[in-house]
Structure formats: C-alpha cells, structure tokens
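Here's the structure we're looking at; comments come further down.
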There are 2 protein chains.
Amino acid sequence: MAEVQRHYRIGEFAKLVGLSTYTLRYYEDQGLVKSQRDENGVRYYTDEDIRWVGFILHLKGTGMRLNDLKRYVKLRAKGDATIPERRAMLQKTKDDAEADIAELQMHLQVLSRKIDWYDGKVDQTIADSESFHDYLQRFNDK
Amino acid sequence: MAEVQRHYRIGEFAKLVGLSTYTLRYYEDQGLVKSQRDENGVRYYTDEDIRWVGFILHLKGTGMRLNDLKRYVKLRAKGDATIPERRAMLQKTKDDAEADIAELQMHLQVLSRKIDWYDGKVDQTIADSESFHDYLQRFNDK
DNA sequence: AAACACCTTTGAGTGCACTTTAAGTCAACC
DNA sequence: GGTTGACTTAAAGTGCACTCAAAGGTGTTT
C-alpha cells in the first residue's frame, strides 16, 4: 500500500484504460482528464488517473454525453457545495439509462418473437405474416 | 375487416409512424420502405406500411444499423431460401443487444452505488462487496 | 389567387465523438 | 544514429443517420 507512485506515459496509460492517445489528449483538451508533466513537458499519469478515467468511462457507458461529463467535472472542482447537483445529474443519467433498457427490452421482445416465428414456434401470427408477405411482394417488382 | 384500404399521404403517414417526411423519403431511397403512387405521382401508404415501418423501427431500436436493415430487406425479397441468414441476423442483433444491456447494467451499478454514496447510504452496503466498496471509495471527491 | 402539401434531384449541413494529418521539435533507447 | 515515442497547434476527415435547402414543378383547398 505504501508504494512509490507509478508513473505512466501516455502510450502505456492509453493501453491501461483502453483509449487511444488521441482520445486521451482530446479528453484533456475538453477538461475531462488531467495529466502531469515531467521536466521535458511529457505527460504522465498515475494510478489515481486510472481510477478517474475508469469512473468517467462508467458514466459514459451509461449514456452520459461528453458535455454533461464536462459539467460534472467542473462541478466536482467547485467542491462539496455542488454535491446535490452532481447527485441529480447521476440520478437523471441513471433514470434515462433505465428507460433505455426498458425500451430496448421491448424491442428485443419483438425480435425474439420474430426469431421464434422463423423457427416455426409461433402459430397465431399467420395472418400477420401473410399480409407481411404480400407487402413484401412490392419489393420484388423492381 | 373487409374495409377499403385507407391511404395516407406522406405528411399524415409521417405523423402516424413518428418519422419526418425527410426521413421517410430517405428510407425509400435506401430501399427500406416502399410507397405507392396515385395518378399524380404523389406517394401514398397503407396500414401495411405502418406495420412494416413499425417492424423496422423495432429492429432499429435493438441497435440494428441501416446497412444491416438494407441487407435484411434484400434477403427478404429473395425469398424463403434466405430465411436461415435472416434468422441469423436477428439472432446476432439480439445477442448484441443483450450484451449491451448487460454492460449498461454493470455501468449502472457503479452509478447507483455512487448515488448511494452521495446519500451517505454506503455503510449498509459494505457487506456484499468489500473490494467493490474500496474501488468506489476511490471516486470520493475531495 | 394565395396557401398548402406534395413532387423532383442534388448537394450541403448537423451533431457527436473521435481520428488523423501536417509539420516540426525533442529526448531516450538500441 | 536511426527508430520510437513523445510533444505542439490547427485543421481536416470519418461514420452514422439524418436534416434541410435550393429551385422549380403539380394539384387541391380556402
């Protein structure tokens, strides 16, 4: 636990977090990630940066946009007074993501039914499929 | 059921299916949707078209790309011999969507715990995963 | 007659999140 | 001493899925 902080240069760090060096510099431009510099002006990152990037990738993974991410980072920099606002952002992101999942699952259900129909597992959709078949004839002409 | 087929012109149809007239014409260019024409060359759509657009929107909703959708439609036009391939496409789309959901839920879990942490509820959840808790502690804003 | 909704083709614009290129410098490693 | 990997800024390119504009046309409704 009491080890000397490891330093990672951008190439190594990129591999560790699963982003490209381009993206990392882009994120830095955007104010999402910070780096430190050595005496030659070369970026380096620490284990804390790995955790931070991991966290923002979780937020991104739930559908948060870069603009919101920027806002979140700015709020964080302002201190504890912004916690309620940050909490609200996360809550909204969560709610949105859950709505997305629910919608996705609804679409998936239709897809599953269609697959079942292909497998001949569905009998009550004959009427549906016949008109659908008729419909598709229109695509045959040209 | 033996009613005269209703005809919808593009504006009305667009509202019914929730797409813009631009998008509808774009989809037609791409071969995803077909329309019929009256004696003046004006597009019209039927109830069957509503169902068809509904279906492709379900496929889109599960993450299928327009290119794949185009491929699907072309296969469909080729007849029953392409059913295995179409089935496989749907299966892959389904598997991908399910993987997306799983990933999303993983990210959501991190988000949820962060919200709990903002709420000071974290003490109660130490029990289930100490290392996960430690992991999340790293994100404690300071 | 004006307003409106539709038609055509072609091409440009939008938004997001990168991704790459250019052109030049610098320093470490083999 | 050449390759590698880093640095800089600014700009252009990519991919997807639209979205809109231009410019001129037809037909139907008020």
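Reminder, nothing fancy here: chain letters follow the sequence lines and each chain counts from 1.
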For the residue pair [X] and [Y], establish whether any side-chain heavy-atom pair is separated by less than 4.5 Å.
X: Arg71(B); Y: Glu85(B); answer: yes
X: Asp49(B); Y: Lys34(B); answer: no
X: Leu19(A); Y: Tyr26(A); answer: no
X: Arg37(A); Y: Arg43(A); answer: yes

Scan side-chain atoms only and decide if [X] and [Y] contain a donor-acceptor pair under the 3.5 Å cut-off.
X: Asp96(B); Y: Thr93(B); value: no
X: Tyr72(B); Y: Arg76(B); value: yes
X: Arg113(A); Y: Gln109(A); value: no

Nearest to the side chain of Tyr26(B), heavy atoms from C-beta on, is which of dC18(D), dA6(D), dC6(C)?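 For the Tyr26(B) side chain, the nearest candidate turns out to be dC18(D).
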
Between the two end axes of the helix from dA1(C)-dT30(D) to dC30(C)-dG1(D), each built from 5 base pairs, what angle do you get to the nearest 10°?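 End axes: 0° apart.
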
Under 4.0 angstrom between [X] side-chain N/O and [N] OP1 or OP2:
X: Tyr27(B); N: dC18(D); answer: yes
X: Arg37(B); N: dT26(D); answer: no
X: Arg25(B); N: dC20(D); answer: no
X: Lys60(B); N: dC18(D); answer: yes
X: Asn40(A); N: dC26(C); answer: no
X: Arg43(B); N: dT8(C); answer: yes

Could you state the atom-to-atom distance from [atom1] of [X] to [atom2] of [N] in whole Å?
X: Glu39(B); N: dT28(D); atom1: CD; atom2: C1'; answer: 12 Å
X: Glu12(B); N: dA5(C); atom1: CD; atom2: C1'; answer: 12 Å
X: Glu28(A); N: dA6(D); atom1: CD; atom2: C1'; answer: 13 Å
X: Asp29(B); N: dT9(C); atom1: CG; atom2: C1'; answer: 10 Å
X: Leu19(B); N: dC20(D); atom1: CG; atom2: P; answer: 13 Å
X: Asp38(B); N: dT28(D); atom1: CG; atom2: C1'; answer: 11 Å
X: Tyr8(B); N: dC6(C); atom1: OH; atom2: C1'; answer: 19 Å
X: Ile10(A); N: dA27(C); atom1: CD1; atom2: C1'; answer: 17 Å

Which residue lies more 5' along DNA chain C, comparing Arg65(A) with Tyr22(A) via nearest heavy atoms: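 Closest to the 5' end, via its nearest nucleotide, is Arg65(A).
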
Nearest heavy atom decides the nucleotide; on that basis, is Thr23(B) or Arg9(B) closer to the 5' end of DNA chain D?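 Upstream on the strand: Thr23(B).
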
